[in-house]
Amino acid sequence: MKKVIIAFLVFLVIFIYYKIENRYVQFYPIKYENEKFVIEKYKISKNYYNNLEKVLLFNNVKFKIENDKIFVKYSLYNDLDLCFNFSKKAKDINWFKLQKIHYVK
């Protein structure tokens, strides 16, 4: 009986971990102010999302698009510096020119 309970608990932990790691959340731009990262939760333009999509594709980041919004894996937000980098690149016309990718104004 103990083995069944232990096996069930191990399965439950693995299942919960898998669900958390594979959960998708809406991507919000990150800014850096007052020496900390801040998530900008405001209405995001379609052009920004078009550019962000290109940045994520370029960097091989898994994402989904639902209702004209980009969703990324929840675990991506563990690295706010990386999210900040993607947020900056989506607004940086020079980065798009350097990569020879079309920038949407």
Side-chain angles (χ1 to χ4, degrees):
M1 187 66 174
K2 280 186 178 181
K3 289 183 181 181
V4 172
I5 292 172
I6 291 172
F8 175 74
L9 290 175
V10 168
F11 171 77
L12 187 61
V13 167
I14 292 170
F15 177 76
I16 290 171
Y17 175 78
Y18 175 79
K19 289 300 249 180
I20 290 171
E21 285 299 309
N22 289 304
R23 186 176 72 168
Y24 281 80
V25 295
Q26 184 176 350
F27 186 93
Y28 289 101
I30 305 290
K31 64 181 177 179
Y32 191 76
E33 63 180 27
N34 299 325
E35 297 187 27
K36 64 181 179 179
F37 293 109
V38 178
I39 297 173
E40 297 183 299
K41 289 194 174 184
Y42 58 84
K43 188 173 182 194
I44 301 165
S45 72
K46 282 188 177 185
N47 291 348
Y48 179 83
Y49 271 134
N50 286 333
N51 293 332
L52 178 62
E53 180 181 356
K54 294 171 188 174
V55 170
L56 296 176
L57 284 170
F58 182 85
N59 288 282
N60 297 315
V61 175
K62 291 183 180 180
F63 64 93
K64 296 179 181 180
I65 298 176
E66 295 176 11
N67 300 322
D68 294 327
K69 295 176 183 166
I70 292 182
F71 290 80
V72 295
K73 286 196 172 188
Y74 177 76
S75 59
L76 181 66
Y77 275 102
N78 289 332
D79 189 348
L80 290 178
D81 189 39
L82 184 60
C83 293
F84 172 64
N85 187 9
F86 294 153
S87 298
K88 277 190 354 182
K89 284 181 180 178
K91 298 175 187 175
D92 186 356
I93 192 168
N94 292 323
W95 182 84
F96 280 85
K97 286 180 182 177
L98 186 63
Q99 305 307 327
K100 299 180 180 164
I101 301 172
H102 177 68
Y103 178 80
V104 181
K105 292 183 181 182

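Every heavy atom of this structure was used, including side-chain atoms; hydrogens, water molecules and symmetry mates were not. In this text the structure is predicted, and so the values were computed from the model without any measurement.
Formation of a donor-acceptor pair under 3.5 Å by the D92 side chain with backbone atoms of N94 is found in this model. Proximity of a side-chain donor or acceptor of N50 to a complementary backbone N or O of V104 within less than 3.5 Å is not detected.
Distance CG/N51 to CZ/F86: 14.5 Å, rounded to 0.5 Å. Distance CD1/I101 to CD1/I93: 12.5 Å, rounded to 0.5 Å. Note that CD1 of I70 is 5.5 Å distant from CZ of F63, once rounded to the nearest 0.5 Å. The distance from atom CZ of F37 to atom SG of C83, rounded to the nearest 0.5 Å, is 9.0 Å. Taking CD1 of I65 as the start and CD of E53 as the end, the distance is 3.5 Å to the nearest 0.5 Å. The structure places NZ of K69 at 16.0 Å from NZ of K64, a figure rounded to the nearest 0.5 Å.
For the pair F58 and Q99, the tightest heavy-atom approach, listed with the atom from each and the gap, is CZ-OE1, 3.0 Å. Here the closest non-hydrogen pair linking K54 and H102 is NZ-O, 2.7 Å. For the pair Q26 and Y77, the tightest heavy-atom approach, listed with the atom from each and the gap, is O-OH, 3.6 Å. Nearest heavy atom pair, residue I44 against residue F27, reads CD1-O, 3.9 Å. In terms of heavy-atom proximity, S87 sits nearest to Y48 at CA-OH, 3.3 Å.
Taking a 6.0 Å sphere around NZ of K88, one finds it holds 12 or fewer heavy atoms contributed by other residues, nucleotides or ligands.
No close placement of the Y24 and F71 rings is indicated, their centers lying 6.0 Å or farther apart.
For the pair D68 and K46, the minimum side-chain heavy-atom distance is below 4.5 Å.
Classification of the F84-Y32 ring pair by plane angle, with boundaries at 30° and 60°, yields tilted.
Tracing side-chain contacts under 4.5 Å through hydrophobic residues (I, L, V, M, F, W, Y), one never reaches V38 starting from Y28; they form parts of separate clusters. Follow the hydrophobic side-chain contacts under 4.5 Å out from I39 and you reach Y42 in the same cluster.
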Inset, instruction - Might you work through the side chain to side chain contact (heavy atoms under 4.5 Å, CB included) test for L76 and V61, ending with a clear yes or no? - result: CA-CA 9 Å; L76 181 66; V61 175; 4.2 Å; yes
Inset, instruction - In sequence, state the C-alpha distance, the side-chain angles, and the governing distance for W95 and K89, and then conclude on side chain to side chain contact (heavy atoms under 4.5 Å, CB included). - result: CA-CA 6 Å; W95 182 84; K89 284 181 180 178; 3.5 Å; yes
Inset, instruction - Please lay out, stage by stage, how V72 and K62 fare under the test side chain to side chain contact (heavy atoms under 4.5 Å, CB included). - result: CA-CA 6 Å; V72 295; K62 291 183 180 180; over 6 Å; no
